[in-house]
Novice: 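First the structure, which I've put down as structure tokens, then a few questions once you've had a look.
As a basis for the values below, the full set of heavy atoms in this structure was taken, side chains included, without hydrogen atoms, waters or symmetry mates. These numbers were taken from a predicted model, which means no experiment stands behind them. To find a chain, count down the sequence lines: A is the first, B the second, and so on, and within it residues start at 1.
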2 protein chains.
Amino acid sequence: MGRAPGAETDDAFSDRPRSTGPARLADVALAAGVSVATVSNVLNWPGKVGAATTERVRQAMEALDYVPHEGAARLRRGSSRSIGLVLPDVANAFYAHMARGAADAAFDHRYTLILCDSADDAEREEGYLAMLAEQRAAGAVVAPLGADTARLLRLRRRGVRLAVVDRAEPTTQSCSVSVDDVRGGRLAVEHLLALGHRDIALVNGALSIRQCADRYEGARQAVAHRPDVRLRQVNVDTMDAASGRAATAGLSGAAAPTAVFGTNDQLAIGVTQALLGGGRRVPDDVAVVGYGDLEIAPYGPVPLTTVAQPVYELGRAAVELMLDEIDQGDRHVHRAKVFAPELVVRQSAPAPR
Amino acid sequence: MGRAPGAETDDAFSDRPRSTGPARLADVALAAGVSVATVSNVLNWPGKVGAATTERVRQAMEALDYVPHEGAARLRRGSSRSIGLVLPDVANAFYAHMARGAADAAFDHRYTLILCDSADDAEREEGYLAMLAEQRAAGAVVAPLGADTARLLRLRRRGVRLAVVDRAEPTTQSCSVSVDDVRGGRLAVEHLLALGHRDIALVNGALSIRQCADRYEGARQAVAHRPDVRLRQVNVDTMDAASGRAATAGLSGAAAPTAVFGTNDQLAIGVTQALLGGGRRVPDDVAVVGYGDLEIAPYGPVPLTTVAQPVYELGRAAVELMLDEIDQGDRHVHRAKVFAPELVVRQSAPAPR
DNA sequence: CTGTTAGCGCTTTCAT
DNA sequence: ATGAAAGCGCTAACAG
């Protein structure tokens, strides 16, 4: 009971429900004839309130169509229960699947996910990072654009926890998740080796891209102690089907390889298209392996054997590492989680007989 | 826990900068030797503060690494500047591109996007809607799971503005954006007609799906006054490549159609695969048209002619309609924005000679 | 078990 | 041009 029964007019109006806007905690308290503390308790500490009171409060909430004001609760409580997902392009299948994993993990832990699409623009990425600090996001999962992590560190100094995706960070700085691309490259070439191929061409992107360099390294490792195997590399600027087709032009004639490993699926499909267009059969004349397994692989001219990355898991794991850091606070120790890619065998390079 | 207003010593300590946590407005004010109001003004009403004062305040902010607390500002200001994006699955290319459009629009207007992936689960969708109400999101852009819009309406009654994607809503309820699937179906079949085909098979999903029914209707319209044309329909349960291949089995033999319209690209590629596997040439023996143009179309066995949907624009427009509603308030009138799909001509059904 | 009350960090009249 | 003070809606001591 908030007011004296015989009080003057002013007081009589003072804790009336507001005529406008949604119901507040105080409105519910008034309607149920209890204090705001009690209403707050039925929401947050159900055990602390008697059954009869709880019931009255619930009914009042129902009647007033009360919706708790999360923002106000946060401000008071000091914690935020929301995390940012910063990535270069959700429309890209790789990041889309990652986002799905992150969204699921966030949902499981009742966290809110703020989508920050940096559109491959460093300035925009920076802007989002600042925004997340202003929102007091509990943390951010970032698939960074460049190698420059200085900005990221600044974020953490501002109280926003960090987890980095798709880039093996030194564990001292923050948690990270990534895929073992060296292993992926090795898997692909080992498969071709098992198929009996001794002349393999690697159609790759620029080696300045970490993923490309790693996949090459894996390929190299696979043939390291095999002097009987020839491994050549053709590098292209853009990793798309057109480049794959163009690269294949240089790989025909008498000295053509018997197998091609394209370091992404677009490239590999381009290669396949050019091969078929040139009258060669896949896999009978030339085997092809790709990398990625996102959407297009099974739909190519020949269903593509390719290296699959657990990208959904990448997103999920990143969020989970971040939540651990949020929960554990100082006790948390940063970890670098590395996922193993897997070979998906389809027709372009079938299983060894 | 607060300070005693009368106690001198206590008071002397009372507005010292906190040793812990990030700097607050009050800390900046103290450091700059001004009041909190002035600091707030340099942030929000730069014109109201003198140049010299402004400079001192800026320096103090810099020195303390001050980051405004958006949440607190919102609570006080009463507005939220964040919107929810509720969709069935970001990993799906259709929604991924939509999300990108929504993210870009939100960014342009300095709004925060909350990603809500309902995972094709009505209960989860419902949970997100409730969450958005608790966050006091200014609005929500929803690509709804089912036809049941009752829940959606409840959201609006709670003050969350609404825009619906991918479902032509009556304009009286809320804004909506969608693609004209009837037109899309017509485009596809008209193209086949122009190519001279007179026996066309439609490989379609269940007609209970609005999109499928609309695309069929479009196809029907295209042949309405053409008694010389035969249009048959084969319906499949799941709209994937396997179903496309299976459906093609029933379309061979002497009475086989000369053209096939698959109502999504997976289906169309499945059809193409089966056709090629059966020794028929595409497009020479049979022309194929798909629907969607998301990722896989150009990579198929034969680059696929297909109906493209402006799905990025869908997401962008939905957010923009919603923001208009937020800005305009009562003056806003709901609109149903319908986008026109376009035919993308590739090899599986080339341009008429 | 329930109520009183002091803020969370900020914006915004209303004085000066 | 600047400052004092009153909250926004809620949580959490603390007191009864």
Side-chain angles (χ1 to χ4, degrees), chain A residues 1-4 14-15 17-18 20-30 32-57 61 64 66-81 133-136 159, chain B residues 1-5 7 10-11 14-15 17-18 20-30 32-57 61 64 66-81 133-136 159:
Chain A
M1 3 262 88
R3 58 209 161 117
S14 67
D15 43 11
R18 264 190 326 202
T20 175
R24 303 154 304 169
L25 204 62
D27 299 326
V28 175
L30 189 64
V34 298
S35 77
V36 290
T38 300
V39 180
S40 175
N41 280 336
V42 346
L43 249 23
N44 303 308
W45 309 100
K48 293 196 155 191
V49 183
T53 316
T54 299
E55 187 48 27
R56 277 215 324 290
V57 170
M61 286 179 173
L64 296 177
Y66 173 68
V67 179
H69 191 307
E70 250 300 292
R74 278 180 185 180
L75 174 57
R76 177 57 232 235
R77 195 190 274 126
S79 78
S80 90
R81 265 193 126 64
E134 296 185 0
Q135 305 275 342
R136 297 296 190 271
Chain B
M1 182 190 265
R3 38 191 203 246
D10 225 61
D11 201 30
S14 67
D15 45 9
R18 263 191 326 202
T20 175
R24 303 154 303 169
L25 205 62
D27 300 326
V28 176
L30 189 64
V34 297
S35 77
V36 292
T38 301
V39 180
S40 175
N41 279 336
V42 346
L43 249 23
N44 303 308
W45 308 100
K48 293 196 156 191
V49 183
T53 316
T54 299
E55 186 50 25
R56 275 210 331 284
V57 170
M61 286 179 171
L64 297 176
Y66 174 68
V67 179
H69 191 306
E70 250 301 292
R74 278 179 186 179
L75 174 57
R76 178 58 233 235
R77 197 190 273 127
S79 78
S80 90
R81 264 194 126 64
E134 297 185 0
Q135 307 274 340
R136 298 296 191 272

Novice: Scan residues 66-81 of chain B for pairs that pass salt bridge (Lys or Arg N to Asp or Glu O under 4.0 Å), counting only residues two or more places apart or in two chains.
Specialist: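 Passing the test, one end in residues 66-81 of chain B: Glu70(B)-Arg74(B).
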Novice: So which nucleotide from dT4(C), dC10(C), dA4(D) ends up closest to the side chain of His69(B)?
Specialist: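 For the His69(B) side chain, the nearest candidate turns out to be dC10(C).
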Novice: With sequence neighbours left out, what residues match Arg136(B) under salt bridge (Lys or Arg N to Asp or Glu O under 4.0 Å)?
Specialist: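 Expected list: none.
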Novice: Could you give the CZ-to-P distance, from Arg81(A) to dT11(D), as a whole number of Å?
Specialist: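 Rounding to the nearest Å, CZ of Arg81(A) and P of dT11(D) are 13 Å apart.
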Novice: Look at the side-chain N and O atoms of Thr38(B) and state whether any lies under 4.0 Å from the OP1 or OP2 oxygen of dG3(D).
Specialist: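 Yes, such a contact exists.
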Novice: May I have the distance from Leu75(B) (atom CG) to dT12(C) (atom P), rounded to whole angstrom?
Specialist: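 Between P of dT12(C) and CG of Leu75(B): 12 Å.
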Novice: Side-chain donor-acceptor contacts of residues 48-55 of chain A below 3.5 Å, not counting sequence neighbours, with atom names and distances?
Specialist:
| residue | atom | partner | partner atom | Å |
| --- | --- | --- | --- | --- |
| Thr54(A) | OG1 | Gly50(A) | O | 2.7 |
| Glu55(A) | OE2 | Gln59(A) | NE2 | 2.9 |

Novice: Can you work out whether Ala37(B) or Arg77(B) has the more 5'-proximal nearest nucleotide on DNA chain D?
Specialist: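 Its nucleotide being nearer the 5' end, the pick is Ala37(B).
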Novice: Rounded off to whole Å, could you give me the CZ-to-C1' distance for the Arg24(A) and dT11(D) pair?
Specialist: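 Atom-to-atom, Arg24(A) to dT11(D), this comes out as 16 Å.
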Novice: Which ones in residues 43-53 of chain B lie close to DNA chain D, meaning a heavy atom under 4.0 Å from one of its atoms?
Specialist: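 Listed by number, they are Lys48(B), Val49(B), Gly50(B), Thr53(B).
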Novice: Stepwise, does the side chain to side chain contact (heavy atoms under 4.5 Å, CB included) test hold for Arg24(B) with Val36(B)?
Specialist: CA-CA 10 Å; Arg24(B) 303 154 303 169; Val36(B) 292; over 6 Å; no
Novice: In whole angstrom, what separates Leu30(A)'s CG from dC10(D)'s P?
Specialist: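 Between P of dC10(D) and CG of Leu30(A): 14 Å.
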Novice: Quickly, which of Val42(A), Thr38(A), Asn44(A) forms a side chain to side chain contact (heavy atoms under 4.5 Å, CB included) with Ser40(A)? Name it, please.
Specialist: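 Testing each of Val42(A), Thr38(A), Asn44(A) against Ser40(A), the sole residue satisfying side chain to side chain contact (heavy atoms under 4.5 Å, CB included) is Asn44(A).
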Novice: Closest approach to the side chain of Ala73(A), judged atom by atom: which nucleotide of dC10(C), dT11(C), dC10(D) is it?
Specialist: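 Out of dC10(C), dT11(C), dC10(D), the nucleotide with an atom closest to Ala73(A)'s side chain is dC10(D).
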Novice: If I take atom CZ in residue Arg136(B) and atom C1' in nucleotide dC10(D), what distance separates them, rounded to the nearest angstrom?
Specialist: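 Interatomic distance, CZ of Arg136(B) to C1' of dC10(D): 11 Å.
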Novice: Distance criterion of 3.5 Å, no angle test: do you see the side chain of Arg76(B) paired donor-to-acceptor with the base of dG9(C)?
Specialist: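 Looking at the base of dG9(C), it does not pair with any donor or acceptor on the side chain of Arg76(B) (distance under 3.5 Å).
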Novice: Restricting to nitrogen or oxygen on both sides, can you table the protein-nucleotides 14-16 of chain C pairs closer than 3.5 Å?
Specialist:
none

Novice: For Leu25(B) and dT11(C), give me the distance from atom CG to atom C1', rounded to whole Å.
Specialist: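 Taking atom C1' of dT11(C) as the reference, CG of Leu25(B) is at 9 Å.
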Novice: Please identify each residue that fulfils side-chain contact (heavy atoms from CB on, under 4.5 Å) with Ala37(B), with sequence neighbours left out.
Specialist: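 For Ala37(B), the residues satisfying side-chain contact (heavy atoms from CB on, under 4.5 Å) (neighbours in sequence not counted) are Ser35(B).
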Novice: May I ask you to verify if any side-chain N or O of Tyr66(B) is less than 4.0 angstrom from the OP1 or OP2 atom of dG9(C)?
Specialist: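 Negative; the distance criterion is not met.
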Novice: CD of Glu55(A) versus C1' of dC1(C): gap in Å, rounded?
Specialist: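 Taking CD of Glu55(A) and C1' of dC1(C), I get 17 Å after rounding.
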Novice: Find the distance Asn41(A):CG to dC14(D):C1' and express it as a whole number of Å.
Specialist: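 My rounded result for the distance is 13 Å.
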Novice: Quantify the bending of the helix from dC1(C)-dG16(D) to dT16(C)-dA1(D) as the angle between its end axes, each fitted on five pairs, to 10°.
Specialist: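 Result, rounded to 10 degrees: 40°.
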Novice: Please determine which of Val28(B), Leu30(B), Asp27(B) meets the side chain to side chain contact (heavy atoms under 4.5 Å, CB included) test together with Val39(B).
Specialist: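 With Val39(B) as partner, side chain to side chain contact (heavy atoms under 4.5 Å, CB included) holds for just one option, Val28(B).
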Novice: Would one find a side-chain N or O of Ser40(B) under 4.0 angstrom from OP1 or OP2 of dT11(C)?
Specialist: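 For dT11(C), OP1 or OP2 has a side-chain N or O of Ser40(B) closer than 4.0 Å.
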Novice: Counting any heavy atom closer than 4.0 Å, what does Val36(A) reach on the DNA or RNA strands: base, sugar-phosphate only, or nothing?
Specialist: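 It contacts base atoms.
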